[in-house]
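Worksheet: the structure to be examined is printed underneath.
In listed order, ligands and their atoms are each counted from 1. Worth knowing before you read on, the calculation uses all heavy atoms, side chains too, and leaves out hydrogens, waters and symmetry mates.
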Amino acid sequence: MKNVVTRFAPSPTGRLHLGHAYSALLAHDFARDREGMFLLRIEDIDPARKRTEFVDGIIGDLLWLGLEPDGEIVYQSERLSLYADALERLKEQGLAYPCFCTRSDIAKEIAASAEAPHGPDGPIYPGTCRTLSADERARRLRDEAHAWRLDVAKASARAGPLYWEDDHTEVQAEPERFGDVVLARKDAPTSYHLAVAVDDAAQDVSDVVRGRDLFAATDVHRLLQALLGLPVPHYHHHPLLTDAEGRRLAKRNGAPTLADLCAGGTDPEKLVADLRVGALPAGYSVGGG
Ligand code: GLU
């Protein structure tokens, strides 16, 4: 049987809260129950939002909870050349194109269109730069900031029907719903989707245990795996923790951070034991997503 490898892959853009603890615990226990490895990957590719103090916070919080990761901690910011190689392969297949649009160009175009199709993450990119002529593309590439997008219709047609497994239930991928997703941002040489697909393969992750908020995004990851010839892990999307108002836990909704709980005298062993049996602090429940 293949060795089980799971990972917890937070972005260091804030301190962890109870929802993160729950996710990390499930990934940790999934591996531990199968004598597997539990990895920590810091998804620090957003230059504007990542902060070193949050990286330190993540590591400290996991240790406080007793969820010690195995092996080396992997930092995506140190792996940019791997993502660049993957992007290059997609370009060579004619599946990626440069996009010069600003956020406001995209918003204007969407506002002006009679029917702006929506995907799981909101209105989808209208495809403005997909149809630029080769000449215009070459000219603008020389001196304009640009992102790279996946031509999702072409890529899906090339890959054919794709499936992935969520807790042993087969799911048919429909990545077209997302439109032409970003593969490399203007301000970062990769995107979440590309980096996660590359890294889950590079780290031999066998089982991706993560929140249901990323269920739909798995369709995009599955497509990238097919295009790049990467192995397909098993997925286990768990329900999200919600607060008394039924909202997903988030800092903006006032969710206390693990650092707050620690400072308030919470016993981490008891917290973890309670989370394991779904006994959440008053006001919280498992269920969203
Ligand atoms: N970095 C992502 C986040 O913090 C999670 C990535 C993943 O688990 O695939 O939401």
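Distance check, rounded to the nearest 0.5 Å: NE2 of His236 to NE2 of His168 gives 6.0 Å.
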Are there any N/O pairs under 3.5 Å between ligand 1 and the protein, and if so, what are their distances?
from, atom 1, to, atom 2, distance (Å)
ligand 1, 1 (N), Ala9, O, 2.7
ligand 1, 1 (N), Ser11, OG, 3.0
ligand 1, 1 (N), Glu43, OE1, 2.6
ligand 1, 4 (O), Ser11, N, 3.4
ligand 1, 4 (O), Ser11, OG, 3.3
ligand 1, 8 (O), Arg7, NH1, 2.8
ligand 1, 9 (O), Arg7, NH2, 2.9
ligand 1, 9 (O), Tyr192, OH, 2.9
ligand 1, 9 (O), Arg210, NH1, 2.8

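With sequence neighbours excluded, the residues forming a ring pair (Phe, Tyr, Trp, His ring centres under 6.0 Å) with His20 are His17, listed by chain and number. Legend: residues meeting side chain to side chain contact (heavy atoms under 4.5 Å, CB included) with Ala279, ordered by chain and number and at least two apart, are Asp274, Val277.
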Open item on the list: salt bridge (Lys or Arg N to Asp or Glu O under 4.0 Å) for Asp85 and Arg79? Distances and angles first, verdict last.
Closed with: CA-CA 10 Å; Asp85 289 348; Arg79 302 163 66 78; over 6 Å; no
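Aromatic ring centroids of His237 and Trp164 lie under 6.0 Å apart.
Applying the ring-ring contact (aromatic ring centres under 6.0 Å, His included) test to pairs two or more places apart or on separate chains, those with a residue in residues 87-109 are Phe100-His146.
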